[in-house]
Every structure is written in structure tokens, then in C-alpha cells.
Number of protein chains: 2
Amino acid sequence: MRPTTNDLAREADVSLATVDRVLNDRAGVSAKTQARVNAAIKKLGYTRDVTAANLAKKRQYKLIFVLPDDSSQFQKTLTEEIESASIRASSERSSIQLIKVPPNDPHALVKELRKCQRRRVDGIAIMAPETPQVRDAISELKENNIAVVALVSDQPKSQCDHFIGINNVAAGRTAAKLMGRFVPNKPGKIIVITNSLQSHDSVDRRLGFDETMRERFSHLMVLPTLEGHNDRNRVKQALTNATRNYDNVVGVYSLSSGNRAIMQDLASDKFPAPLVVVAHELTSHTRKALQNESIDAVITQNTGHIVRSAVRVLRAKSDQVEIDSSQERVRIEIVLKENLG
Amino acid sequence: MRPTTNDLAREADVSLATVDRVLNDRAGVSAKTQARVNAAIKKLGYTRDVTAANLAKKRQYKLIFVLPDDSSQFQKTLTEEIESASIRASSERSSIQLIKVPPNDPHALVKELRKCQRRRVDGIAIMAPETPQVRDAISELKENNIAVVALVSDQPKSQCDHFIGINNVAAGRTAAKLMGRFVPNKPGKIIVITNSLQSHDSVDRRLGFDETMRERFSHLMVLPTLEGHNDRNRVKQALTNATRNYDNVVGVYSLSSGNRAIMQDLASDKFPAPLVVVAHELTSHTRKALQNESIDAVITQNTGHIVRSAVRVLRAKSDQVEIDSSQERVRIEIVLKENLG
DNA sequence: ACAATTTTGAGGTACGTACCTCAAGTTTTA
DNA sequence: TAAAACTTGAGGTACGTACCTCAAAATTGT
């Protein structure tokens, strides 16, 4: 059985009140007594029973997810997961709120984060490209003792407590390996398409893709990235141009999830049949495309896991408790029709 | 804020004691009053605060993992995860014990399960091939109100509460898809090797593999399964024979994890270079083999997740609480060198 | 050596639930 | 209709922690 505060009091030969003062660093304990209590904590291996403490405190974890308000399918999936987490949250002493801010508008984001500070939240999960403004806002949050995790897109130079997401360079490499081994083993060209190369994720993926392509599949030529900007017609146009301008296209790599148009165009057999398509993010659309074989492979990260992980990490950081890092690692998943499950 | 028992008492216009009697089905409440309390529960959406209840009860979940005592690398990995879960368990009011029984000895297994019953455990995770004896033992456990989950290997016809593992037919299909697309697109032969076809998993994987191979890659010929029986030399011999007897071998599919010998033989370039190898279960050995490219792809299930999931499900079942099934689904993971992470 | 200050202990209440006892009230049965 | 059986309420203690008050003790400064 775990030691309790009473065990500590007995061991350190002090009263329960003093133990309490030390544990919750309340004033009025001499250095000597503090040391005695800390020694007892160490000796008995005491750890606070967080559930009992939360009961006594009537604690509610106020957690906020801040996402860019774009209309991509990935956002939608993430939103759904956050909403479903929010329902379960109440039975775990947490309240989860989702705030959407205009994409690529650091100012608006910072304003929202300030608002959170005033509302005394316990933790914030931020999905946003890294910019100096955001970095500063995160520092400010940390000064106010608010737990912060970066979601999906890392904030490497910030004070952020944790990053929950995948290494996009490795994801790009994985895509390249699949692409390279799925297309016939002879020269050919690969189309790369994305919403926007402004996003750090896309750039990293392209980087990883090119690296592995160069190292392992030098007989394949990777074409310049086409940017679709979430505009269906633009994507269509770009693809048509690409196939007109380049012969011997053997594969398409979609860096982002929002390329519904691609799947549709590919389905409407505009292309010669054996075209290998690799895309990112498992959504209802890519799922369907895998099923009808208009996509060959999807590289994805489990959004449900990401959201649950964010909640666990934010709670742990807010309690200053250790996290189980193996549980919180997000994997780069490869999904084929066969393991869609 | 969630409603409490006091809210229920007020709503149903009864005393706290009566609410308590209903909630913990203690005797001495008239049907009418019971209905009133139940109505209040429904109206207020009351759910028991499990953490407070556990505090009051000083509850400790006694959980047992029963695994076959074989020496495969997969077992080792699983064992490590159970041990690490066991360390964390104490801070979650749980104690986890690992029991190893002789493999393929239903009698020994049943004996251990009986022992658990006498020790009044809360839940048992069983990894064992499905046999009538085991099925009966599980029924017995369920009669004694012990939560039971099947681990890795399903017990479909048993009274088991839950299965934690993957669909091995689908896993075999996934392996086939990778194999079929990784080898050159022309006729060739595939060697299939396993420890033993006695295990249900291996049979299912082979089944799925053959299905997809037949449907999609009929130019490839899948050879009869070689059984290694955990014997290094036997594996070596079988492989040597196979390569002697069959020309044009283009791939090797390892159904089970315990085929250390394969990787070593493959590494010692006994085979013509471009031989595609697909194996199951990510262990320290297959990990290394991926890294040095002697294996092309590994199909795996996350053992850490499996163990954590088993613990969560056993606790939930023992409390008769809903589980979050999306969190408990084990995915068929594809691991390449690039997404080893 | 005295007052002022700091430190410590004793005791309480609370969180939401579990489980216990005892007495009073209500219904059933003989 | 009285005894027996059942039903209900009131009240208590406990789990491990948080947070409060007040008084006693120990230490400090003058």
C-alpha cells in the first residue's frame, strides 16, 4: 500500500499540518523541518494521491485546444476527436474547449491566447505554424504557469512543454519509400501536390520525400510542388497542365489532406491506369479512396490518439507529474486498403 | 458540475442512505422507492465518481496476465511491457502480476486460472490458443464475476469480455500487398516460414496472405509453409532446401516473430540480392534487421498499447463501466526503415 | 528577560462515496 | 390487532488530501 501523509508525519516526527505545509509549500516551516519532511518523502517513496487531492480540491482541469479555422478534412477529423474527448472529459474532472482562429494570422492567435490567460486555464494545446509572435505568447503562458503543448506542428524553439505529432521529414521519407517501391522499377516522373508550401509540415514532408527519392530511387524524377490552395479548380488545372507538360508520369504524392479534387480526378480515369498515389492523413475521403483503390497508400497520424495524448500530457504537466513517454509517442502510420480496419 | 448522491437524494426525495442502498444494491428498498431513485439517476444523468468510490473502498484492482512461457522475441517484448505497466500500476490502485504457463498445455493453464479464482482477482488477460478446456475455464471465471480479456490471440467462442489484438487475416493480407508490390512485377516464388502452424495466428496470416496473393498477384507462387519450431538449424536447413528446390525465389514471408535465424541467413547473403523480406512483430531483432535493410517491412501490433489497453479494459469491465472502443482498437501497423521512429 | 516573531501542533471541515448502526415508521402476516 | 417483517431516515466513520483556525511552543531581536 502506498504511504500517506500520515505516514510521512509519523516518519518525520512532525504533525500532519506541517507535512501539509511542506507538500503544498505553504509558509512558516523552518528549513530544518522541511528537510526532515523531504527526507521522509524520499525514504517512504511518497507520491501524492492525485485522485484524492483532486477530490479535496474539487479540481477541474480547464483545457483549451486552439486550431486554425480552415476547412480541410484533417481539421474536421481533429475537431470531431476533440468534441468526443470533450464529452468524456467531464467524467475525468476536465473541461475541454475548442477555439478556432483564422489561419496564418499570428495576431489573432496571440489575442486568443491572452484571453485564455485571463480565464486562468490549466493547459493549452496549440496547432499553429511557428512564428516569433507565437513563440513569445507561449513564453508568456509558461510564465503564468499554464501547460502548453504543440499539436501536429512543432514549436521547437519555444518554451512549449511537449510536442504531440510526428516527424514530418520521416513521414515524407516513408512516403518516398512506398512510392519508389510501388511504381515500376524504371524511369518515371512523380507529381507532388499540396495545399500550400507555407505550412511547415508540407515543407518537411517534401524534404524527406526528396531525400529518400534521391538516395534510393534516382531513376525517378520528382516534379516541382503544385500548390492547390484548397481550390478545387486550381488543383484540377495544375494536374491537367502537369500531365500535358510531362510525359511518363508514374505517381502522385499529395503532401496535405485537403486534396479531395485529386482523388476525384484520379477516379475519373484521366490518367493512364497504373498511377501510384500516396497521400497524407486518413480522413473519410482518403479512406474511401483507399477502399476503391484510387489511392494506394496513406501516411497518417492517429488523430484520436493525438487528442487523448494532448489531454493526458496537459493534465500531467499541470500537476507536474511524470508522463509515460512511450504512450505519448505518435507513430507514423501507413495505411493500405488491407489494414484500414 | 456532475450530480452527486446528495443531489439524487434531494431529487428522489429520499435519504442518502436509501440512495446508497439502491446504488450498491443493498437489500431493503421497496420497488417503488427504487424506481424513484432510478428515475432521479436518469433525470440528473448521475454517474458514480469512480475515483471517490475507490478512495472510500480502498480499492485495489488485482490484475493478472497469463502468457505462454515460450522464448520468442515477441513474448520477451510483451513481458517487458507488462513489467513496466506493473510499475506504474501502483499509482493507479492496481497490482499487475505476470504468470507464465507451459505453451500448448491447456491443463496447466486451466490450473493457473483456477488458482486466480481462489485468490479473488479482479481481471485476467489470457494469451492462449482457443481450446475447449480454456473456453470452459473462461466461463467459470465469468461466473465468479472476474473480468477476462483475450490477448493477441482471440477466443471468439468464449464468454470473454473483450479481445485485444489484431485481425490476423487482415495482417496477412497487408503483408501480401506489400510483398506483391515490393517484388518485381513478374513471375516468382515466395517462401513462407513460421515457427509452427499450430498457432491460430499463423494460420490466419497465411490465409490472408494467400487470399490477397491469389486475387492480386497471381503471377507469384506462394510455396508451402516451412515450420521452424524455434529451432535455428531447422530453419536454416529448410531455407537451404527451399532455395535448392525452387528457382526464382523473390520473397520471404515470416509469419511469426521467432525467426532470428532467417534474418541472419539473409544477412549472410546466401540469397541473390534483391530478395524482399516481410516479417511480423517489431522486436529488437526485426528492428535491427529493418535498419540494416535485411528486412523490407514488418507488420506489427504495438505491444505497449496492447498491455495498457488490457489494463484499462479489465478495470472498466470490473467496474462495469463503458470503454472507449476507439482507444482500445489495436491497429495493424506497417513499419519500414523510414518510419521506425 | 521580555516582547515580537516564527514555528509547530491540534483540531476542525470538506470533497464524493462506502458502509455501518440504530431507531422510527410502515406494511405484512398470523 | 398484535407481533413480525420490512422499509426508511438520521447519523456516524472512513478513505487521502486540502485548507482553515487557534493556541502553544520555540526562536529571535532588543
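All values below come from the heavy atoms of this structure, side chains included, with hydrogens, waters and symmetry mates left out. The sequence lines fix the lettering, A, B, ..., with proteins before strands; numbering per chain opens at 1.
- For the pair B:Arg21 and A:Thr47, both in contact range of DNA chain D, the more 5′-proximal nearest nucleotide belongs to B:Arg21.
- Nearest heavy-atom pair, B:Arg48 versus B:Leu23, reported as atom, atom and distance to 0.1 Å: NH2-O, 3.2 Å.
- Under 4.0 angstrom from either OP1 or OP2 of D:dG16 there lies no side-chain N or O belonging to A:Thr5.
- Summary of the strand contacts: A:Ala27 and A:Lys58 both lie near DNA chain C, and taking for each the nucleotide with the nearest heavy atom, the more 5' one is attributed to A:Ala27.
- Atom CD of A:Glu333 sits about 10.5 Å away from atom CD of A:Glu281, to the nearest 0.5 Å.
- What separates CG of A:Asp319 from P of D:dG16 is a distance of 19 Å, to the nearest Å.
- Residue A:Asn54 contributes atom CG, which lies 12 Å from atom P of D:dT17 at whole-angstrom precision.
- Following rounding to the nearest Å, A:Leu16 (CG) and D:dC20 (C1') show an atom-to-atom distance of 13 Å.
- If you check D:dT17, C:dG9, D:dA10 against the side chain of A:Thr18, the one that comes closest is C:dG9.
- Between the P atom of D:dT8 and the CZ atom of B:Arg36 lies a distance of 8 Å, rounded to the nearest Å.
- Taking side-chain N and O atoms only, A:Lys32 has no distance below 4.0 Å to OP1 or OP2 of C:dT7.
- Place A:Arg2 and B:Ser15 on DNA chain D by their nearest nucleotides, and B:Ser15 ends up nearer the 5' end.
- With B:Ile126 as the partner, the side-chain contact (heavy atoms from CB on, under 4.5 Å) test is satisfied by one option alone out of B:Val149, B:Val152, B:Leu151, B:Val148: B:Val148.
- Rounded to the nearest 0.5 Å, atoms CD1 (A:Ile138) and CG (A:Leu109) are 8.0 Å apart.
- How far CD of A:Glu328 is from CZ of A:Arg308: 10.5 Å, rounded to the nearest 0.5 Å.
- Closest contact between the side chain of A:Ala17 and the listed nucleotides C:dG9, D:dA10, D:dG16 involves C:dG9.
- The side chain of A:Arg26 contributes an N or O atom lying less than 4.0 Å from OP1 or OP2 of D:dC19.
- For B:Asn24, the listed nucleotide lying nearest its side chain is C:dA18; candidates were C:dA18, D:dG11, D:dT17.
- Between the OH atom of B:Tyr61 and the CZ atom of B:Arg315 there is a distance of 4.5 Å, given to the nearest 0.5 Å.
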Checklist entry - With Watson-Crick and G-U wobble geometry limited to distances under 3.5 Å, how should the secondary structure of DNA chain C be encoded in dot-bracket form, using | for bases paired to another strand and [ ] for crossing pairs? => result ||||||||||||||||||||||||||||||
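- Residue B:Leu55 has its side chain nearest to D:dC15 when only D:dC15, C:dT8, C:dA18 are considered.
- The separation between B:Lys57 atom NZ and C:dC20 atom C1' is 16 Å, rounded to whole Å.
- You'll find that the side chain of A:Ser30 is closest to C:dT7, out of C:dT7, D:dA18, D:dT8.
- Scanning for side chain to side chain contact (heavy atoms under 4.5 Å, CB included) contacts around A:Lys317 gives A:Ala147, A:Asp161, A:Val313, with sequence neighbours left out.
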